[in-house]
Number of protein chains: 2
Amino acid sequence: MREVKIALLGFGNVGKGVWKILNMNSEELIKRSGYHIKIGKILIRDINKARDLDVPKELFTTNFEDIIEDDSIDIIVELMGGIEPAVDYMLQGMKRKKHIVTANKMAIATKGNTLIKTSREEGVMFYFEGSVAGGIPIIHGLNDNLVANKIEEVIGIINGTTNYILTKMTQEKISFEQALAEAQKKGYAEADPTSDVEAFDAVYKLCILASLAFDTIVSVNSIYREGINNVKPIDIEYAREFGYVIKLLGIIKETNGELELRVHPTMVPAEHPLANVNDSFNAIFLKGNAVGDLMFYGRGAGELPTGSAVVGDIVSILRNKEKSSYYPCLKNEGYKKIKDIEEVKCEYYIRITVKDKPGVLGEISSIFGKNNVSILSVIQKGKREELVSLVFITHSTLEGNINKSIGMIKALNDSEKIENIIRIENLGMD
Amino acid sequence: MREVKIALLGFGNVGKGVWKILNMNSEELIKRSGYHIKIGKILIRDINKARDLDVPKELFTTNFEDIIEDDSIDIIVELMGGIEPAVDYMLQGMKRKKHIVTANKMAIATKGNTLIKTSREEGVMFYFEGSVAGGIPIIHGLNDNLVANKIEEVIGIINGTTNYILTKMTQEKISFEQALAEAQKKGYAEADPTSDVEAFDAVYKLCILASLAFDTIVSVNSIYREGINNVKPIDIEYAREFGYVIKLLGIIKETNGELELRVHPTMVPAEHPLANVNDSFNAIFLKGNAVGDLMFYGRGAGELPTGSAVVGDIVSILRNKEKSSYYPCLKNEGYKKIKDIEEVKCEYYIRITVKDKPGVLGEISSIFGKNNVSILSVIQKGKREELVSLVFITHSTLEGNINKSIGMIKALNDSEKIENIIRIENLGMD
């Protein structure tokens, strides 16, 4: 039996998942890869930290030199997270002709281009299935299985924490703060939940998906971002009344060679498959010009699901080791124009609190009219109190028109408060 | 630019789809495969038949010799359907060192083993993504992306025609016959709908999925099969009352090294993602011991979706052409014991028409009790008519126990009629 030695950089959740999978499925992996996969070294920060897995102590090192200088190690599996030193270590590895697997979304989203270019120059393989949506094979999907397609749009629930929070808010009619506390108790949200809740995490993943699906270089900064912290139970209730469910979506669309890239809370039709993706599950929905509508659904995080993607990549390398040339899809050959968010066309849900006095509905409606925003539905539920909620659903219009209208409504007088604006995607199924 | 010549065997729906995709996405395909893909020959039956696509006449031939003897053709794409001569042509092609792509479920389900063995012996590549679930990349999923997993179960909606019919019956409360007529009008069902409606089509696909997911040789005849023709609107209505939706599912489960293989109408919880797969869409849900729950959803048929799978396979071959060895996952190395349907454990929905007279509920209930079938729910909706419906939902029990009970109930007297028995899968989400 041929043997291959790999090194793990980092031994957190995913590293432990990889360790467990290599052990629990060892027989299958030998049969399927043709190799006995052995972990040769594990880079960690603190050699004295107690570990709950039964890993031989001599595998651990705190010194990357021990790994890079070890010629018996063929594959480096980077699971440290963060940009540096992870990227530096991967580049060093490539230059020493080691194949690289990573699950590091920040590294790929920000330095993916350099990493891919270097892997090509050095003739080593570089896989990163685990960097987006955990165990869901979306990277291989875009790079391999769907190559016969021009991808037209990608719409994903790519952050499990926020999907868990929105699901709880929807099902149990609780506030964002209560749902967040529950997510933290269950370990789905971190003590500082900013990265998830304010959608930074989703932006990194969307950046990777956009560059693969549209074969272009995408900067993280060009992606419009809005978190879920302003979604209120009342918005979820109104959404339900109109036949929608609120999800944090990452959206990529190409129209006339221009890309829309945005992550924000979105109302989706209750009968669309994405509306039924609940709890901490992820899903990626895409449209290809040949395959039509396609959706991948599964665990977007967790030691074993992400480990499944990482070990799958290791096997891909082993199966391709004897190949004379390696042909990854991703080339990032150019830049596509990214639409400014003001140029994006959407339907909108707008909730405003107004003083219940004659003429106010007329005033606001005529502002929308002046700015070419045409109204599909209005709900005003009078309760004979001083302040009432006014909810508008618009027809499709430019975000710029909405922003102009909102500016004018705010200027009307200080008793009108814009409570929330949520974009609507009337996703159909072809 | 390197050029590769392929031949199509057959020019029906999928053949036309392949032709269209090669034209509409030609630039992308060159970039992604490194080759200009040219169709060199197309095998058809009738050279004089009018074709709606603008294909140069000189490409057509009615003689397979023209293809097999043409050394400039590298890849044969078999899209004729049926077992012979398709299998013979593929084997001949392999022996002449041509790589093979097919979308032929019957050929793979019945002769897949010989075809795979021959492709290994001849050192050619053999791909068949299009043979199951059209554009959904489930074959590559099982063969490549999910290799890090032991697959524990695969549950799929793998026939679009029956899913369309059941969806219409559910949404519009119409009969099977009406829904079938609608499906035929829309072109989703054939004039003779037997293969779809009686689940032969699904059995072929399940056979392929089982052999890949569990790396074993599966005979089509070992799969339990039940079509949808006996599903009545009243069963759908009762299902809804109990919180279920009726779907035609293909089910593969491994327990203690034994496989359950069955295709039949099934009640699934209304909130499970499979319950929300509607119209002619397909979906395959699986559980891996690392990745957890995963679902693929998309178009299971149609010229472009299936063409997407076929052209994807062609690109896979082109990307691997310079590889010295080819390592497909599927080895079909042995046989696994297939459970007899009597040994399968399920929950059951049983609808019986009885004469409304004292004691009948007691009689039937005690028969179930004697056979170790314990009852979870009963509904009897008396309408003061002579005949009433009695609906039982059982706890999990052996199918053998159900069959014994049914035999005894039938023997009671001739006024008890077993109207329907539908298995229930209480699919949870981990």
Side-chain angles (χ1 to χ4, degrees), chain A residues 17 20-21 24-25 28-29 31-34 129 134-137 140-141 144-150 215 271 273 276-279 281 283 285 288-299 302 304-305 307-312 314-316 319-320 322-325 327 329 331 333 429, chain B residues 17 20-21 24-25 28-29 31-34 129 134-137 140-141 144-150 215 271 273 276-279 281 283 285 288-299 302 304-305 307-312 314-316 319-320 322-325 327 329 331 333 429:
Chain A
K20 287 180 189 171
I21 292 169
M24 73 186 184
N25 296 345
E28 285 76 14
L29 288 165
K31 227 165 60 174
R32 294 171 189 173
S33 73
E129 182 63 72
I136 301 175
H140 281 282
D144 300 325
N145 312 333
L146 301 173
V147 285
N149 290 268
K150 275 184 213 156
D215 206 1
E271 66 280 6
N276 296 298
V277 174
N278 287 322
D279 299 320
F281 277 93
F285 179 86
N289 73 341
V291 77
D293 287 346
L294 196 67
M295 190 172 87
F296 296 74
Y297 167 102
R299 286 274 166 222
L304 291 180
S308 164
V310 170
V311 176
I314 295 171
V315 173
S316 288
R319 287 185 177 176
N320 285 311
E322 276 138 57
K323 212 157 116 175
S324 56
S325 78
Y327 201 93
C329 178
K331 276 197 173 161
E333 287 186 308
M429 304 297 297
Chain B
K20 287 180 189 171
I21 293 169
M24 75 187 186
N25 296 344
E28 285 76 13
L29 287 166
K31 226 167 61 177
R32 293 172 189 173
S33 73
E129 182 62 71
I136 301 175
H140 281 283
D144 300 326
N145 312 333
L146 301 173
V147 285
N149 290 267
K150 275 184 214 156
D215 206 2
E271 65 280 8
N276 295 299
V277 174
N278 287 322
D279 299 319
F281 277 94
F285 179 85
N289 73 341
V291 76
D293 287 345
L294 196 67
M295 191 173 85
F296 297 74
Y297 167 102
R299 285 275 167 221
L304 291 180
S308 164
V310 171
V311 176
I314 295 172
V315 174
S316 289
R319 287 185 177 175
N320 285 312
E322 277 137 57
K323 212 156 116 174
S324 57
S325 78
Y327 202 92
C329 176
K331 276 198 174 161
E333 286 185 309
M429 305 295 299

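Keep in mind it's a predicted model, so treat the numbers as computed, not measured. Naming: A, B, ... by sequence-line order, numbering from 1 per chain.
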Query raised in the report: Can you tell me how far CZ of Arg32(A) sits from CG of Asp215(B), rounded to the nearest 0.5 angstrom?
Result: 6.5 Å
**Report entry** Gap between atom CZ of Arg299(B) and atom CG of Leu294(A) - 0.5 Å precision
**Finding:** 11.0 Å
Name the member of [options] that forms the most heavy-atom pairs with chain A at distances under 4.5 Å.
options: Asn149(B), Val315(B), Ile314(B), Val277(B); answer: Asn149(B)
options: Pro137(B), Gly135(B), Gly312(B); answer: Pro137(B)
options: Val311(B), Asn276(B), Leu29(B); answer: Asn276(B)
options: Ser308(B), Gly298(B), Gly17(B); answer: Ser308(B)

Query raised in the report: If you take all heavy atoms of Asn145(A) and Asn145(B), which pair is closest and at what distance?
Result: ND2-ND2, 3.6 Å
Report task. Over all heavy atoms of both residues, which pair between Ala290(B) and Ile21(A) is shortest? Give the atoms and the distance, please. Result -> CB-CD1, 3.5 Å
Query raised in the report: With the threshold set at 4.0 Å, does a side-chain nitrogen-carboxylate oxygen contact exist between Asp144(A) and Arg319(B)?
Result: yes
Query raised in the report: So, Asn25(B) side chain and Ala148(A) main chain: donor-acceptor pair closer than 3.5 Å or not?
Result: yes
Query raised in the report: Checking heavy atoms, do the side chain of Asn289(B), its backbone, both or neither come under 4.5 Å from chain A?
Result: both
Query raised in the report: Does any heavy atom of chain A fall under 4.5 Å from the side chain of Glu28(B), the backbone, both, or neither of them?
Result: side chain
Requested in this report: Only counting residues at least two apart or in another chain, list the ones meeting salt bridge (charged side-chain N to carboxylate O under 4.0 Å, His left out) with Lys20(B).
Outcome: Glu303(B)
